[in-house]
Amino acid sequence: MIPAVRTVTPVTDPVPLVFDSPHSGSIYPADFNHAIDRMTLRRSEDAHVEELFAPAVAEGATLIHALFPRCYVDPNRNSDDIDVSMIDGTWDGPVNPTFKTLQRGVGLIWKDMKAFGPVYDRKLTAGEIRKRIDTCWTPYHDTLKSTLDRFHETHGHVLHVNCHSMASMGDRTTEDGEVPRPDFVIGDRDGSTCAPALTDCVVETLRELGYSVAINDPYKGFELVRRHGRPTEGRHSIQIEINRKLYMEEATLSKVDGFLQLEQNLTVLARALAKLAADPAAL
């Protein structure tokens, strides 16, 4: 079994700043047994996002990223976010499916890619789902939690940046519909998962770099920022969605000329966030 998660540690003095990329994994387990075409399935990946944020470790940040694909098991969903209609037999764990699971088929275990069809031509066994949780979902969550806890214990606060990418256009199945999207969408669940200073730092830095930025529209942040964002305790979580047109060809996942410029600009952002993380009074 492949490792589930990789942690890249700072190459300079560490600051309480952690980037995580839960959806950039591209190692497909042998037991996946999906019916949909692999390249079509890869459209669900946040391809290359872990590479874009990798230089942040030179600013004192820690980077955590998944190695498994989100469509195999999604670490940005709770472990009870399950559509039991996918299961052959009964499920002995808790079940609390969200709207996205029931209406769009993108819960803990992906069922559909809507415009492209179902992921499987069969039902999954409870054992298959349990294995995915135990070998991928749980190690990812344990790694992220322990890293955030360690920095919080040492510094009294920690900044967590949950990193994603988004299609350049919405479609009929998405929250925003068939419209072009801004360069970045920043999510703090309507101000509930971090201090305003963190949101302001991200938004203002990106806008100064010339990007268009929306806040909480159409993405507010999901399970990982909800779980770890408790600003009254000094735990600040924010989600960043990057428009894929900035750095790759969406149909092929190949990088475009803008990749290096975006990587450099995200390093500028990481530097600004590292400065904020080192100054708890600013939060």
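- A 4.5 Å side-chain heavy-atom check between R42 and S26 finds at least one atom pair inside the cut-off.
- Between the side chain of T138 and the backbone N or O of I133, at least one donor-acceptor pair lies under 3.5 Å.
- Side-chain contact between Y219 and H164 is absent, with no heavy-atom pair separated by less than 4.5 Å.
- Counting heavy atoms from C-beta on, the side chains of P29 and P69 come closer than 4.5 Å.
- The hydrophobic cluster containing L144 does not contain V8, counting ILVMFWY residues as joined when their side-chain heavy atoms lie under 4.5 angstrom apart, directly or transitively.
- Cluster membership check: L224 does not share its hydrophobic cluster with V161, using side-chain heavy-atom separations under 4.5 Å among Ile, Leu, Val, Met, Phe, Trp and Tyr.
- Side chain of R189 to backbone of G221: a donor-acceptor contact under 3.5 angstrom is found.
- Closest of all the heavy-atom pairs between C136 and Y72 is SG-CE2, 3.9 Å.
- Shortest non-hydrogen contact noted between H23 and P75 is CD2-CD, 4.3 Å.
- Checked for salt-bridge contact, R181 and E241 miss the test: no charged N lies under 4.0 Å from a carboxylate O.
- Without hydrogens or angle criteria, D88 side chain to K123 main chain gives no donor-acceptor distance under 3.5 Å.
- The aromatic rings of F32 and H34 stand perpendicular to each other, their planes meeting at an angle above 60°, with 30° marking the opposite boundary.
- The heavy-atom pair separating A214 from P182 by the smallest distance is CB-CG, 3.8 Å.
- Using a 4.5 Å cut-off between side-chain heavy atoms of Ile, Leu, Val, Met, Phe, Trp and Tyr, with links allowed through other members, M166 and I215 fall into different hydrophobic clusters.
- With sequence neighbours excluded, the residues satisfying side chain to side chain donor-acceptor pair (under 3.5 Å) with D183 are S212.
- Checking side-chain atoms of T205 against main-chain N and O of V202 turns up no donor-acceptor pair under 3.5 Å.
- Contact check for Q261 versus L246: no side-chain heavy atoms found under the 4.5 Å cut-off.
- Contacts classified as ring pair (Phe, Tyr, Trp, His ring centres under 6.0 Å) and involving residues 36-58 (residues at least two apart or in different chains) are given here: F19-F53.
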_Apply side chain to side chain contact (heavy atoms under 4.5 Å, CB included) to residues S85 and K111 and explain how you reach the verdict._
CA-CA 10 Å; S85 72; K111 181 179 181 179; 3.1 Å; yes
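- The residues R122 and E128 are annotated as salt-bridged, a charged nitrogen and a carboxylate oxygen being separated by less than 4.0 angstrom.
- For the atom pair CE (M248) and CD (E45), the distance works out to 8.5 Å, reported to the nearest 0.5 Å.
- Other residues, nucleotides and ligands place no more than 12 heavy atoms under 6.0 Å from the CG atom of D257.
- Annotation: side chain of Q239 is in contact with side chain of N76 (closest heavy-atom distance under 4.5 Å).
- The line from CD1 of I186 to CD1 of I240 is 4.5 Å long, rounded to the nearest 0.5 Å.
- Closest approach of V119 and M113 over heavy atoms only: CG2-CG, 4.3 Å.
- Within 6.0 Å of the NZ atom in K275, the count of heavy atoms belonging to other residues, nucleotides or ligands does not exceed 12.
- Checking side-chain atoms of W137 against main-chain N and O of R77 turns up a donor-acceptor pair under 3.5 Å.
- R226 and N78 are not linked by any side-chain donor-acceptor pair at a separation below 3.5 angstrom, with hydrogens and angles left out of the test.
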*Any chance you could lay out the side chain to side chain contact (heavy atoms under 4.5 Å, CB included) test for E59 and L273, step after step, and finish with the verdict?*
CA-CA 9 Å; E59 308 302 326; L273 290 172; over 6 Å; no
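- By the side chain to side chain donor-acceptor pair (under 3.5 Å) test, R132 pairs with Y120, sequence neighbours left out.
- Looking at every heavy atom in both residues, A282 comes nearest to L276 through CB-CD1, 3.6 Å.
- Here the CZ-CG distance, from R70 to D46, works out to 5.5 Å after rounding to the nearest 0.5 Å.
- A distance of 8.0 Å separates CG of L124 from CD1 of I87, quoted to the nearest 0.5 Å.
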*Apply the test side chain to side chain contact (heavy atoms under 4.5 Å, CB included) to residues W110 and L41: give CA-CA distance (whole Å), side-chain angles for both, the deciding distance (0.1 Å), then the verdict.*
CA-CA 10 Å; W110 278 35; L41 195 58; 5.6 Å; no
Throw together a table of side-chain donor-acceptor distances under 3.5 angstrom for residues 148-160, partners on residues two or more places apart or in other chains.
| residue | atom | partner | partner atom | Å |
| --- | --- | --- | --- | --- |
| D149 | OD1 | R235 | NH1 | 2.9 |
| D149 | OD1 | R235 | NH2 | 3.1 |
| D149 | OD2 | K145 | NZ | 2.7 |
| H152 | NE2 | E233 | O | 2.6 |
| T154 | OG1 | R150 | O | 2.9 |
| H157 | ND1 | H155 | O | 3.3 |
| H157 | NE2 | A277 | O | 2.6 |
| H160 | ND1 | S237 | OG | 2.8 |
| H160 | NE2 | D20 | OD1 | 2.7 |

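- Residue R6 qualifies as open at atom CZ: its count of foreign heavy atoms under 6.0 Å is 12 or below.
- Contacts classified as ring pair (Phe, Tyr, Trp, His ring centres under 6.0 Å) and involving residues 186-211 (residues at least two apart or in different chains) are given here: F184-Y211.
- Between L67 atom CG and Y28 atom OH the span is 13.0 Å, to the nearest 0.5 Å.
- With a 4.5 Å cut-off on side-chain heavy atoms, F68 and V5 do not count as touching.
- Under a hydrophobic-cluster definition in which Ile, Leu, Val, Met, Phe, Trp and Tyr are linked whenever side-chain heavy atoms come within less than 4.5 Å, directly or via other members, V225 and L283 are assigned to different clusters.
- A 4.5 Å side-chain heavy-atom check between L266 and P55 finds every atom pair outside the cut-off.
- Residues passing the side chain to side chain donor-acceptor pair (under 3.5 Å) test with H228, sequence neighbours excluded: none.
- A donor-acceptor pair shorter than 3.5 Å cannot be found between the side chains of D188 and H236.
- Contact record, P218 with V185: CD-CG2, 3.9 Å, taken as the closest heavy-atom pair.
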*For V73 and L108, run side chain to side chain contact (heavy atoms under 4.5 Å, CB included): C-alpha distance rounded to whole Å, both residues' side-chain angles, the deciding distance at 0.1 Å, then the answer.*
CA-CA 6 Å; V73 60; L108 178 73; 3.7 Å; yes
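- Looking only at atom types and distance, the side chain of S165 has a donor-acceptor partner in the side chain of R244 under 3.5 Å away.
- Between atom CD1 of residue I82 and atom OG1 of residue T101 there is a gap of 9.0 Å, rounded to the nearest 0.5 Å.
- Linking Ile, Leu, Val, Met, Phe, Trp and Tyr whenever their side-chain heavy atoms come within less than 4.5 Å puts Y247 and V268 in one cluster.
- Using a 4.5 Å heavy-atom threshold, the side chains of I64 and Y140 count as touching.
- Using a cut-off of 4.0 Å between Lys/Arg side-chain N and Asp/Glu carboxylate O, D92 and R130 are scored as salt-bridged.
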